[in-house]
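In each ligand, atom 1 is the first atom listed, and ligand 1 is the first ligand listed.
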Amino acid sequence: MIERILFVCLGNICRSPLVEAVARQRFAEAALDIEVASCGTGGWHVGAGADGRMQEAAAAAGYRLDDHRGRQLSVADFAHYDLLLAMDCANLRDMRRLAPHAIERTALFLDWAGVAPMLEFPDPYFGGQASFVASVKLAEQGVAALIERLRAG
Ligand code: 4NP
């Protein structure tokens with residue numbers, strides 16, 4: 001049974017905090033009692049707030065990222081979380097290198113959720129504001145599919 005999910009990206013200031021916020025809201029609406037959190041494989045933004053461009057796009061769609069603080073993935077996370085969902089293949093590779101004993105708990109977010117044919121969640125960091133707005137839509141699509149899969153068992 002999946003009771004705790006960790007969303008993982010590179011910096012933990014754009015994609016995974018967004019997906020965490022969307023999942024927290026949608027899981028509550030769906031009465032799914034699943035703990036969610038996010039972190040990054042990299043440590044550059046530990047303690048930092050979410051990217052301002054991501055906060056703006058998320059807020060426009062009703063998701064607040066104000067309280068987010070960047071955190072780096074650690075080996076202990078693989079014991080606490082039942083499912084660790086990577087945003088892209090580089091994240092997944094780094095996660096699996098860190099915890100080769102827990103590969104079965106790791107997957108690509110959009111792939112596991114079943115958002116065919118998408119596998120990776122594009123990184124908006126080097127894009128314009130439209131990339132951040134697109135990220136919100138994709139996060140909503142991904143979380144909706146995730147809920148379907150979780151419900152299907
Ligand atoms: P994220 O985006 O992995 O979605 O949080 C990025 C954040 C920071 C950097 C790259 C991507 N960076 O190069 O600092």
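In this structure a side-chain-to-backbone donor-acceptor pair under 3.5 Å is missing from D88 to E120.
For the residue pair N91 and D94, no side-chain donor N or O sits within less than 3.5 Å of a side-chain acceptor on the partner.
The pair E56-R53 fails the salt-bridge criterion, with no side-chain N (NZ, NE, NH1 or NH2) lying under 4.0 Å from an Asp/Glu carboxylate O.
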Check against side chain to side chain contact (heavy atoms under 4.5 Å, CB included), V8 and C39:
CA-CA 5 Å; V8 184; C39 68; 4.0 Å; yes
Assess whether side chain to side chain contact (heavy atoms under 4.5 Å, CB included) is satisfied between D77 and R71, documenting all intermediate values.
CA-CA 11 Å; D77 287 317; R71 183 171 81 73; 3.2 Å; yes
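Under a cut-off of 6.0 angstrom, the local environment of CG in D33 is sparse, with at most 12 non-hydrogen atoms contributed by other residues, nucleotides or ligands.
Protein residues with a heavy atom closer than 4.0 Å to ligand 1 are C9, L10, G11, N12, I13, C14, R15, H45, D123, Y125, listed by chain and number.
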